[in-house]
Chemist: 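Let me give you the structure first, and then I'll get to my questions.
Throughout, residue positions are numbered sequentially from 1 according to the sequence presented.
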Amino acid sequence: MEKKTLLLGNEAVARGLFEAGASFVSAYPGTPSTEITEAAAKYDEIYCEWAPNEKVAFEAAFGAALGGARSFCAMKHVGLNVAADPLYTASYIGVNGGMVCAVADDPGMHSSQNEQDSRHHAIASKTPMLEPSDSSECLSFAKLAFELSEKYDSPFLLRLSTRVSHSRSLVTLSPREERELKEYKKDVMKNVMMPAMAKGAHVRVEQRTKALTEWADAEAVKLGVNTVEYFDRKLGVISAGTSYTYAREALGEKASFLKLGMVNPLPVELIKEFAKNVERLVVIEELDPIIENHCKAIGVRVEGKSIFSPLGEFSQATIKKALLGEEPDALAFPDEIPPRPPVLCAGCPHRGLYYALKGLHLYVSGDIGCYTLGAQAPLSMMDSCVCMGASVSALHGFNTARGEAQAAKSVAVIGDSTFIHSGITGLIDIAYNRGISTVIVLDNSITGMTGHQNNPANGLTIRNDPTVAVNLEALAHAIGINSVRVVDPFDVAGTKQAVKEELAKKEPSLIISRRPCALLKTVKHEKPLVVNTDKCIGCKACLSVGCPALSQTAAGGKTRALIDENQCVGCGVCTAACKFGAIEKGGEQ
């Protein structure tokens with residue numbers, strides 16, 4: 001009897017890995033892809049690991065595939081940038097056991113610094129790509145990708161998006177198909193990409209692309225990967241992924257649909273045939289006009305980005321308005337609602353570090369993680385933020401360009417997981433090139449922003465098994481950083497003094513701001529602080545630390561600070577801001 005259940009798209013991908021007999025998974029956490037690896041780790045039959053970064057994850061999975069296993073790696077769209085180097089060459093080499101790489105795009109930038117379209121990487125690297133539109137297809141396409149990977153001797157990309165990854169829909173579960181390791185045979189001409197070998201490999205890649213295009217035109221239709229639905233033929237829609245789901249719900253039977261599950265290479269004859277059978281043809285795709293440009297390149301007249309924006313997410317309402325001229329029924333709220341951006345949690349150790357830096361009026365080269373939230377008011381303690389690890393390298397460039405005086409008033413901030421990911425090489429650059437920059441690692445013992453994943457610096461594996469932990473102090477010394485010190489960010493005065501002393505040195509230095517994330521279950525908190533209303537004058541200085549547990553209240557015609565005892569963890573950072581001693585430990589008032 002078939003078993004059906006509701007699964008997140010990411011959980012469904014993991015189930016697909018399990019059913020397909022995959023045995024090796026490596027990933028670096030990145031929203032919206034993280035839950036795939038976490039879900040896969042629940043299956044004892046699959047080896048799972050957190051890698052230091054996406055490049056390592058891809059290379060490890062590729063090595064496992066060469067070794068004959070069915071392997072998988074996962075990352076968000078910007079993570080594929082990091083893994084692009086091995087991706088492009090792995091596409092030339094091919095596989096032994098099947099290899100699938102899931103990449104989760106983030107239209108709307110819910111948790112990302114850009115809105116790139118990963119289909120460009122698929123096209124540029126000549127790597128085939130499938131794109132599911134719901135959880136059921138996440139499962140079936142993951143399984144299919146392994147079959148096609150082995151059949152066409154290529155790694156396969158599985159493109160997800162935030163809405164597909166994080167929505168639930170019904171899936172049908174099947175038992176696991178165990179796979180024996182494929183035999184490994186030494187083959188220098190195939191697996192070693194020197195120029196002479198790569199020339200022949202490129203020929204094979206072009207032949208493979210042609211064969212996969214034919215598959216997309218024929219077999220993909222038979223398998224339901226690419227599907228055609230004819231209703232009203234006055235309007236034809238070509239779409240894929242979550243855009244298809246929106247279009248289908250918005251238009252119902254007022255249009256005919258060509259749904260593409262294979263998005264690289266795209267079919268040719270299938271699109272031409274569909275175009276002949278509809279009066280008006282529109283491509284609905286989020287972000288860039290990949291399908292639209294393909295249609296135009298093969299001589300098919302379509303509309304697309306002349307109607308729909310290349311920015312952000314679509315919705316049923318967006319499509320109805322653009323194609324049917326229908327406005328959704330909605331109630332208008334008369335007042336302007338103030339913005340509520342995310343903030344550092346109450347008790348976050350990064351707050352104390354930032355408050356210490358704020359008093360020093362420094363240039364802060366920022367990075368990607370929870371601490372990026374410190375860029376917002378009232379802390380406003382970040383001058384730049386580019387990508388993972390860039391804070392360290394960019395500080396070196398900034399200080400070198402502006403001189404020694406600037407180096408004395410500039411720091412880089414980077415989390416422990418991000419430092420392992422791609423900050424170490426930047427610090428090596430500083431030491432090797434005799435820079436004098438000061439780098440601060442915000443070590444909260446976890447990969448926080450993506451949901452508390454372990455990393456190589458905290459001594460636990462993905463399954464919470466104890467393992468070796470990278471010693472950041474010893475690492476810094478080993479690469480040539482002689483001045484290394486550890487501070488407690490809750491000690492604002494001590495942290496501030498340490499930063500001042502390190503900035504005054506004419507050598508590179510590393511400060512480790514070490515305090516575990518306030519949300520970890522192993523962390524024991526102090527009692528909530530209280531406000532002594534006799535001492536508080538309502539100056540609002542305490543609000544400058546940006547803690548969500550702090551607010552103001554009016555009573556008896558006077559404004560006073562108010563601490564939410566349900567949020568306060570007694571970290572004491574706010575006491576450094578109060579010049580009147582009005583914030584006290586619980587029970588002292």
Chemist: Over 60° means perpendicular and under 30° means parallel, so classify the ring planes of His121 and Tyr88, tilted if in between.
Modeler: perpendicular
Chemist: Does any pair with a residue in residues 197-207 pass salt bridge (charged side-chain N to carboxylate O under 4.0 Å, His left out), and if so which ones, sequence neighbours excluded?
Modeler: Lys126-Glu206
Chemist: By side-chain hydrogen bond (donor to acceptor under 3.5 Å, both in side chains), which residues pair with Asp465, not counting sequence neighbours?
Modeler: none
Chemist: Just to verify, what does Val221 make a side chain to side chain contact (heavy atoms under 4.5 Å, CB included) with, not counting sequence neighbours?
Modeler: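 Listed in chain order: Asn226, Leu270.
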Chemist: May I ask you to say whether Arg179 pairs ionically with Glu177, meaning some side-chain N is under 4.0 Å from a carboxylate O?
Modeler: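 Glu177 and Arg179: salt-bridged.
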Chemist: Got a salt bridge between Arg176 and Glu45, using NZ or NE/NH1/NH2 to carboxylate O under 4.0 Å?
Modeler: no
Chemist: May I ask you to say whether Lys151 pairs ionically with Glu219, meaning some side-chain N is under 4.0 Å from a carboxylate O?
Modeler: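 No, no charged N to carboxylate O under 4.0 Å.
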Chemist: Can you name the nearest heavy-atom pair linking Thr31 to Ser111, along with the distance?
Modeler: CG2-OG, 3.3 Å
Chemist: Can you list the residues that meet the ring pair (Phe, Tyr, Trp, His ring centres under 6.0 Å) rule with His452, with sequence neighbours excluded?
Modeler: none
Chemist: Among residues two or more places apart or on two chains, list those pairs meeting salt bridge (charged side-chain N to carboxylate O under 4.0 Å, His left out) that have a residue in residues 282-297.
Modeler: Arg119-Glu285, Glu292-Lys296
Chemist: Closer than 4.0 angstrom, basic N to acidic O: yes or no for Glu54 and Lys76?
Modeler: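 Not counted as a salt bridge, because no side-chain N and carboxylate O are separated by less than 4.0 Å.
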Chemist: State plainly whether the residues Lys272 and Asp217 are in salt-bridge range, i.e. N to O under 4.0 Å.
Modeler: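 Here Lys272 does not pair with Asp217 in a salt bridge, since their nearest N and O are not under 4.0 Å apart.
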Chemist: What pairs of residues pass the salt bridge (charged side-chain N to carboxylate O under 4.0 Å, His left out) test when at least one of them lies in residues 11-29, not counting sequence neighbours?
Modeler: Glu11-Arg168, Arg15-Glu19, Glu19-Lys143
Chemist: Counting neighbours of NZ on Lys305 that are heavy atoms of other residues, nucleotides or ligands and sit closer than 6.0 Å, is the number greater than 12?
Modeler: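 Above 12, so yes.
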